Every structure is written in C-alpha cells, then in structure tokens.
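Report on one structure; see the data block that follows.
Values in this document were obtained by computation on a predicted structure and should not be read as measured data.
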Amino acid sequence: GYGGYGTNTLNFMTDLNTRMTTFNPHALGMIGDMVSAIDNTILTSDETAIRNKFATLPGARFVTPGNHDFDYMTLAQWLAVWKEECLYFEPDKAFGSFDVGEYHFVILDCLYNNTTPFAHVSTTSYPSEFYIPDGTDGSVNQLGWLRNDLAKTDKKTLVFCHTSLSELGSGFWTLSDGVGRVGNRAAVRTVFEDSDKVIGVFGGHIHNNRWMVINGIPYIHSTVFNNTPSANIVASREYITGTEKGAWTEITINNRTGEMHLEFYENDSVEGVRKTTDTVKFYRDLDGKYQPQNPHDALVVYESSDLS
C-alpha cells in the first residue's frame with residue numbers, strides 16, 4: 001500500500017508499541033512503503049525517524065522495502081538507513097532470511113524492472129509489473145537464492161514481499177487488474193510449492209485487506225502492512241498521508257495444528273485503536289494444504305489449472 005509520513009506517524013507507532021506489549025509478538029516487521037516524500041533529503045530524514053522508532057518495538061524485527069521507499073533513494077542509500085535492522089540481508093541486497101523458533105522467515109525484494117536488464121527501481125515511475133531477478137541477464141539470481149535457501153531449512157516458512165505474488169492486483173482496482181504484481185510470480189510460486197515448506201506469503205502494496213489461496217498456500221495482503229510471527233505474528237501497516245491512519249495485522253499460528261488466524265487493526269487520532277471487521281482463519285486439510293475456515297473468507301481459492 002501507499003505509506004506516507006504524516007504528522008501522527010510516530011504517535012501511531014507509539015500506540016503500536018503499547019499494543020505489542022500486550023500481544024507480545026515473537027517477530028514484528030514492516031513490509032515496505034515506510035514513507036513517501038518529494039525529494040531525497042526529506043525521504044532520508046523520514047525513513048531515519050521511522051527506523052529509530054521501529055527500533056524500540058519488541059520482538060525479532062525485520063523490514064521489507066516498498067516501491068515508495070525508492071522514489072528518491074537508491075538501494076544503497078536505503079540499505080544505509082536500515083542496515084542495523086537488516087542484518088539478515090545478503091550483502092548489498094534487500095533480501096535474506098532468518099529463523100525465529102520453529103519458523104523460517106524469508107524476505108524478498110521484488111522491486112526490480114521486469115525487462116532486461118533487471119535493474120532495481122529508483123524512481124517515481126514504476127513498471128506495470130515488478131520482477132524477482134532469475135539471473136538470466138547476468139545479474140543477481142534472487143530466484144536461485146530462494147530455491148537454495150528453502151532447500152537448506154527444515155522449518156515451516158513465512159515469506160514477506162511488498163508487492164503481489166498472487167493474482168491480486170493493486171489497490172482500489174479489480175482482481176483482474178495486474179498493476180503492481182510480480183511479473184514472474186508463477187515461477188516464484190512454483191519454488192514455494194516445490195519446497196513443501198512455505199505456509200504463508202504476506203505483502204502490502206494492495207490498498208485493501210485481501211487474501212487468496214493458491215495451491216494450498218495463503219497469500220495475504222494488508223493495506224500497508226508490517227509484520228511478525230511464531231505462535232504470534234504481527235504486521236504494522238504503514239501510514240497514509242491525509243487520512244492519517246495507522247494500522248497493523250496480528251497473526252497467530254497454532255504450532256500444533258497449523259491454524260492461522262488474522263485480525264486487522266486500525267488507529268487514528270479520532271477513534272483510537274480498534275479491531276476492524278476483517279478477520280480470517282485458515283486451517284490445514286488432510287493433505288497439509290491451507291484452506292479458509294469459511295469458504296466465503298477467501299476471495300478466491302485457486303489450483304494451478306485455474307490460472308492457465
């Protein structure tokens with residue numbers, strides 16, 4: 001989703017900190033678009049302020065970049081701001097992985113152009129679809145790294161990526177609107193499915209709380225998301241300029257049954273913190289695939305044949 005640094009952003013993060021003291025997350029992350037700005041100086045200042053506040057939050061913290069973080073900033077500049085929160089990243093890259101308890105966390109950087117050369121975005125003009133480089137242009141092979149990373153872990157895996165790896169398009173548009181998706185998302189999903197370890201894929205970018213299941217894996221988007229897991233996972237959303245709302249998604253996973261429960265929260269200066277009516281539960285069927293507890297809870301349940 002679109003994150004803007006508003007006058008109440010740091011206050012919202014203080015309220016989030018208060019809530020997290022009760023929720024006691026095992027991990028907590030931000031899934032991109034921490035800010036939006038009109039030049040590099042303001043962008044760097046705002047990113048730094050949010051990073052300093054984020055560093056006070058509890059749990060194992062992680063960050064995924066969003067497209068608006070690069071409106072006036074290069075990848076190297078962004079990494080310089082967030083390096084203390086991104087020790088799990090591969091050298092000079094914005095993707096990596098780490099473990100928390102029984103779970104393996106994978107952070108992907110989908111913010112590359114979808115035509116060769118697969119250069120990282122650093123502009124306010126974005127491609128209609130982004131890309132996770134596969135090395136075919138001789139540059140970084142993030143897709144190969146993902147395949148190898150999943151092969152090395154024996155833990156249940158949660159994946160975080162700013163833009164859409166599902167068939168959901170951006171923001172206020174329809175399901176068929178592909179704006180903001182990852183161009184090679186089907187290839188990425190195949191890596192997830194082949195590993196038999198990925199139990200959930202979480203993202204932001206889309207301007208609504210939405211979710212779908214593809215081949216037994218839930219793909220969950222929060223309106224400007226920031227996260228966390230274990231038996232508890234949280235996702236602090238970003239903040240929307242003008243509307244001045246903060247929000248987050250709290251995700252609880254039952255370590256025994258695998259059931260996954262999502263609750264969405266909002267916060268503003270008028271009504272304060274409140275739980276929204278958006279809530280969804282996923283359970284694992286006899287084949288080990290996730291299904292929505294109520295069929296109406298999922299926007300769409302897809303099998304591969306439905307996507308051809």
Side-chain angles (χ1 to χ4, degrees), residues 26-27 29 31 60 62 64 88-90 93-112 118 130-136 140-168 181-203 211-221 225 227-231 233 235 251 253-260 262 282-292 298 300-308:
H26 291 74
I31 309 301
F62 63 94
T64 300
Y88 49 86
F89 279 167
E90 294 295 300
K93 300 293 186 292
F95 60 85
S97 65
F98 61 96
D99 294 336
V100 177
E102 299 181 21
Y103 295 88
H104 184 61
F105 286 69
V106 170
I107 311 302
L108 295 178
D109 180 8
C110 58
L111 301 173
Y112 288 81
F118 301 126
F130 295 93
Y131 202 79
I132 291 182
D134 55 10
T136 54
V140 58
N141 185 357
Q142 187 177 172
L143 195 60
W145 171 88
L146 172 64
R147 187 178 295 106
N148 292 336
D149 182 78
L150 291 175
K152 290 185 292 186
T153 187
D154 60 357
K155 296 178 181 291
K156 293 168 285 190
T157 298
L158 303 160
V159 178
F160 301 87
C161 177
H162 179 68
T163 63
S164 178
L165 288 167
S166 71
E167 294 306 300
L168 292 168
R181 296 185 299 194
V182 174
N184 59 336
R185 59 194 176 277
V188 179
R189 293 198 301 255
T190 296
V191 174
F192 296 160
E193 294 160 15
D194 288 348
S195 76
D196 201 28
K197 296 169 184 172
V198 175
I199 64 170
V201 180
F202 304 89
W211 44 86
M212 61 166 36
V213 177
I214 302 176
N215 291 337
I217 300 175
Y219 291 77
I220 300 157
H221 296 268
F225 198 69
N227 266 288
T228 86
S230 114
I233 309 183
I251 305 167
I253 300 176
N254 185 308
N255 289 336
R256 182 178 59 84
T257 65
E259 182 177 279
M260 189 183 305
L262 287 81
F282 298 95
Y283 71 95
R284 303 193 84 164
D285 63 20
L286 295 178
D287 294 323
K289 293 185 175 183
Y290 273 97
Q291 305 293 344
V300 181
V301 176
Y302 275 132
E303 296 296 330
S304 293
S305 58
D306 299 324
L307 301 175
S308 58

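Counting heavy atoms from C-beta on, the side chains of Met260 and Ile220 come closer than 4.5 Å. Lys289 is not listed as a side-chain neighbour of Val213, based on a closest heavy-atom distance of 4.5 Å or more. Using a 4.5 Å heavy-atom cutoff, the side chains of Gln142 and Leu108 are in contact. The side-chain heavy atoms of Ile253 and Leu158, taken from C-beta on, include a pair separated by under 4.5 Å. Contact of the Arg189 side chain with the Val201 side chain is not registered, since no non-hydrogen atoms from C-beta on lie closer than 4.5 Å. Residues Val106 and Trp145 are in side-chain contact: their nearest non-hydrogen atoms beyond the backbone lie under 4.5 Å apart. His104 is not listed as a side-chain neighbour of Lys197, based on a closest heavy-atom distance of 4.5 Å or more. Val140 is not listed as a side-chain neighbour of Phe118, based on a closest heavy-atom distance of 4.5 Å or more.
Atoms CZ and CZ, on Phe95 and Phe89 in that order, are 9.5 Å from each other to the nearest 0.5 Å. The distance from atom OG of Ser97 to atom NZ of Lys152, rounded to the nearest 0.5 Å, is 7.0 Å. Between atom CD1 of residue Ile107 and atom SG of residue Cys161 there is a gap of 9.5 Å, rounded to the nearest 0.5 Å. Note: Tyr290 OH to Asp285 CG = 10.5 Å, rounded to the nearest 0.5 Å. Residue Asp194 holds its CG atom at 8.0 Å from CZ of Arg147, rounded to the nearest 0.5 Å. Distance CD1/Ile132 to CG/Leu143: 7.0 Å, rounded to 0.5 Å.
The aromatic rings of Phe98 and Phe62 are tilted relative to each other, their planes meeting at an angle between 30° and 60°. Between Phe202 and Phe160, the ring planes are parallel. Angles under 30° get that label, and only those over 60° would be called perpendicular.
Residue Asp196 qualifies as open at atom CG: its count of foreign heavy atoms under 6.0 Å is 12 or below.
Contact detail for Asp134 and Asn141: the closest heavy-atom pair is O-OD1, 3.1 Å. Closest approach of His162 to Ile31, counting heavy atoms only: ND1-O, 2.7 Å. Taking both residues in full, the closest heavy atoms of Ile199 and Lys156 are given as CD1-CB, 4.1 Å, listed atom of the first, atom of the second, then distance.
At least one donor-acceptor pair under 3.5 Å links the side chain of Lys155 to the backbone N or O of Gly101. Without hydrogens or angle criteria, Arg181 side chain to Glu167 main chain gives a donor-acceptor distance under 3.5 Å. Although no hydrogens or angles enter the test, the distance criterion places no donor-acceptor pair under 3.5 Å between the side chain of Asn184 and the main chain of Ala187.
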Please report the C-alpha distance between Leu165 and Cys110 in whole Å, then the side-chain angles of each, then the deciding distance to 0.1 Å, and finally whether the side chain to side chain contact (heavy atoms under 4.5 Å, CB included) criterion is met.
CA-CA 9 Å; Leu165 288 167; Cys110 58; 5.8 Å; no
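A side chain to side chain donor-acceptor pair (under 3.5 Å) with Tyr103 holds for exactly one of Thr157, Asn255, Thr153; it is Asn255.
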